[in-house]
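The next block holds one structure in the form of structure tokens; read it before the comments.
Whatever order the structure lists them in is the order used to number ligands and atoms, beginning at 1. This is a predicted model, so every value here is computed, not measured.
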Amino acid sequence: MRNARHIVTITALILLSTYLMYAGLTSIGLMPTAASIQAGPIDWLFDIHVIAMSFLFSLITVILLYSLVVFRRKPGETGDGAHIEGNTGLEIFWTIVPLIVVIAFGIIGADNLRNVRAADPNALEVRVIGRQWDWRFEYPEGFSSTTLYLPVHKQVLLKLESSDVLHSFWVPEFRVKQDMIPGRVTELRITPTLEGEYPIKCAEICGTRHAYMVSPVVVVSQVAYDAWVTEQVALYEAELLASEGQPDARRGEQLYTQYCLACHSLTGTVGQGPTWKGLFGRENRPLADGSVVALVDEEYLYESITAPNAKIAQGFNANAMPSFSYLRDSQVYDLIEFIKTLE
Ligand code: CUA
């Protein structure tokens, strides 16, 4: 039984090669530290893929190399090899088996996704706003931060928004990743398991400074987190107190250079958006749908800043301007006060 001996040898070599391949691949550290509950099922799924890959690679290369060595032409052999006309049994086998494997991976993957998305009703909710090219995190207490602080062992539900183009929220140590789409709120759940500082990266090319769109996420104990929140709330309240009272055109001008300058000129030139020169108090302003705004007043400006698609100025497209509804009301009124000065 020479054939049986070949099959036994090849099987043993394939298993050995699979093991060496898998051991080699896992020893080079393909993954960074796992720092979230969600990393568990993902790493496990990744692991069985690496095993499958090691096996398939070995299956092909071992048979190929074995044949090259063992079945090579012997000295004195001059004839052709045996002529083989297909093998129906083998073809059915290698169609059915991969089909079953692919379906099994599909089922495992779906179940895995269910685990990764498991929702905790008590999750901490944080709003994440990505824009070219930074991150901002808004906490339920009202303040916002450019660093994402999270308490360890507590699920956080991130509500992701983009104020301009596509971005993608990604922390390699947490494994999960989610696209951020202008005009839509996407969600991501993370339960950090390890205290430490990790990088939040943008994983969707979003312009010239895409590579530098990085912010830290700091995972701390619940006690340290509570202390941080108390401190931030105090700072936020002090800031609110300072900005109370009358809207201020000078503060509005600062906000303008920060948020609006790129698209809205003050000189009458039409850019990506309408100019602000002589905007306030204008009558019968034409809109894209053919109607007119009788008077450009505070109410119209407020709506245009916080819900730009409600009334689109003639000559411009819907969704061209992101919503600035994340600005505080007092900031919107400061902006309006500034627009009023531009005659
Ligand atoms: Cu934001 Cu890339």
| query | Measuring from Ile200:CD1 to Trp135:CH2, what's the distance to the nearest 0.5 Å? | reply | 7.0 Å
| Do you know which N/O/S atom name in Glu204 is closest to atom 2 (Cu) of ligand 1? | O
| request: Answer yes or no: is there a donor N or O on one side and an acceptor on the other, between the side chain of Glu337 and the main chain of Arg251, under 3.5 Å? | output: no
| Taking atom 1 (Cu) of ligand 1 as the vertex, how big is the angle to SG in Cys206 and SD in Met213, rounded to 10°? | 110°
| Which atom of His210 approaches atom 2 (Cu) of ligand 1 most closely (N/O/S) | ND1
| message | Going by the rule side-chain hydrogen bond (donor to acceptor under 3.5 Å, both in side chains), which residues pair with Gln222 if we only count those two or more places apart in sequence or in a different chain? | response | Asp226
| said: Checking one value in my table: which N/O/S atom of His167 lies closest to atom 1 (Cu) of ligand 1? | reply: ND1
| Among the clusters formed by ILVMFWY side chains lying less than 4.5 Å apart, do Val332 and Phe324 turn up in the same one? | yes
